[in-house]
Amino acid sequence: MLSRRHFFRNLGLGSAGLLSTSFIIGRGREAMAFEAGAMQAPDDGGFIRISSNENARGPGRKTIEALGNTISPRVGRGYPPDNTGDLVATIADIYGVGRDHVIVGTGSGAILEAGTRAFCSTEKPLVTAAPTYGTPDQAARRIGAPVRMIRVDRSLGLDIDAMAEAAKGAGMIFFCNPNNPTGTVHNAAAMEKFIRRVKQSSPETRILIDEAYIDYTHDGAVKTAVPLAKELTGVFVTRSFSKAHGMAGLRLGYAIGQPETVKAISSAWSLGSVNTLTAAAGIASLRDPKHIEEERAENARVRDFTLQAFKSLGYEAPDCHTNCIFVDLKRPASQFREACAALKVSVGRDFPPFEKTHSRITLGTMDEMRQAVQVFKRVLTTSSTGAAAL
Ligand SMILES: Cc1ncc(COP(=O)(O)O)c(C=O)c1O
């Protein structure tokens with residue numbers, strides 16, 4: 001059997017290489033980042049990539065160890081569902097639900113696509129927000145389902161009343177809590193009121209609560225909606241391993257809902273085929289809540305630093321419960337993005353209807369953000385267009 005140490009030696013990786021591996025996994029398809037002193041510099045053309053909401057720190061050490069320990073000839077076996085049984089059981093145990101309440105996929109994005117296809121159609125609209133995470137909207141358009149887009153409110157939070165109202169007769173409502181890109185969140189009491197209201201006024205409408213970022217919230221009144229998904233037909237919660245768990249490159253997500261609901265989702269569209277290494281990493285990460293605590297604290301430290309840096313330049317962003325901030329820079333996102341890119345910092349895409357004023361900036365490592373803030377200062381103070389900074 002190939003030992004973990006042997007495996008990494010074969011790859012030419014020492015213990016520093018092990019750390020780098022963690023950073024690569026957290027980046028998904030994007031390149032890796034580094035923390036001063038701990039890491040080698042990224043081979044990324046010198047770019048700081050804070051344009052996708054990946055996790056620059058990657059997974060915890062125990063998760064990396066679980067990956068190494070899983071590499072053995074046993075990977076020659078394990079077609080799904082054999083290789084995901086333990087993962088599903090671990091998730092079910094954490095939430096106190098039966099295994100038939102859980103589905104897993106290669107990223108929660110696959111489940112968002114499948115859910116939209118399962119419950120929306122040309123006669124059954126999708127209700128979503130503007131701006132919010134785009135997969136349900138894109139999936140609805142692909143199948144010709146009408147989309148009811150509800151603009152966020154003045155504080156950039158999801159307009160919970162307007163969304164509940166729009167849900168009447170809809171196939172599904174997509175509610176991202178915390179919301180990407182605005183970083184805003186609704187607490188448990190508000191969510192319960194909203195979900196029960198929709199169930200009463202439009203009982204056939206399915207309710208998808210996307211909690212990809214919930215591990216990052218610093219509001220103690222925010223809680224998972226899983227208890228409501230257990231209790232109420234047609235309500236389901238999706239979670240991602242790509243954010244606080246730092247596993248974007250391993251592709252893993254899951255949903256919890258009543259058996260008929262999750263069955264309808266997995267019958268509608270492929271959720272992908274989760275591999276043995278990813279399943280082992282998912283279990284290890286779920287069993288390491290201390291690492292998630294540390295990750296939340298580090299993200300908060302980076303968030304406070306970055307928000308303060310913008311504030312001192314005169315630009316405001318809502319308090320954020322994700323790993324990104326959405327800043328009112330009073331100029332088109334494209335202009336800011338191009339000026340930053342010329343100085344080797346990649347920031348987020350346009351988020352209509354705020355593309356003329358707001359930019360989304362993912363929170364990287366503290367070291368990356370210190371460097372990025374220097375670039376932001378240069379771009380924002382040199383001229384109102386940023387052009388002179390080039
Ligand atoms: C709100 C939200 N939901 C779902 C996803 C999809 O994540 P994944 O497919 O990596 O689990 C993302 C990715 O950025 C997201 O921001």
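One-based numbering, in listed order, for ligands and for the atoms of each. Quick caveat: nothing in here was measured; it's all calculated off a predicted structure.
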Look at the side chain of [X] and the backbone N and O of [Y], then say whether any donor-acceptor pair between them is shorter than 3.5 Å.
X      : Y      : answer
Lys230 : Tyr95  : yes
Ser52  : Glu54  : no
Arg303 : Asn323 : no

Indicate, as side chain, backbone, both or neither, the part of [X] found under 4.0 angstrom from ligand 1 when only non-hydrogen atoms are considered.
X      : value
Cys176 : side chain
Phe241 : neither
Asn53  : neither

If you count heavy atoms of other groups shown closer than 6.0 angstrom to CD of Glu204, is the number above 12? no
- request: Check whether any N or O atom of Gly109, backbone or side chain, sits under 3.5 Å from an N or O atom of ligand 1, and answer yes or no.
  value: yes
Closest protein heavy atom (residue, atom, distance) for [atom]:
atom                    : value
atom 13 (C) of ligand 1 : Lys243 NZ, 3.1 Å
atom 7 (O) of ligand 1  : Ser108 OG, 3.5 Å
atom 16 (O) of ligand 1 : Tyr213 OH, 2.7 Å
atom 3 (N) of ligand 1  : Asp210 OD2, 2.6 Å
atom 10 (O) of ligand 1 : Ser242 OG, 2.5 Å

**Study point:** Lys NZ or Arg CZ of Arg151 over Phe354 ring: under 6.0 Å, within 45°
**Key:** yes
Could you check whether Arg49 makes a cation-pi contact with Phe47, meaning its NZ or CZ is under 6.0 Å from the centre of the six-membered ring and within 45° of the ring axis?
yes
When every non-hydrogen atom of Ala281 is compared with those of Thr63, the smallest separation belongs to O-CG2, 3.5 Å
OG1 (Thr84) and CZ (Arg99) are apart, to the nearest 0.5 Å, by 11.0 Å
Against ligand 1, does Gly253 come closer than 4.0 Å with any heavy atom? no
Ligand 1 atoms nearer than 4.0 angstrom to some heavy atom of Gly107 are 8 (P), 9 (O), 11 (O)
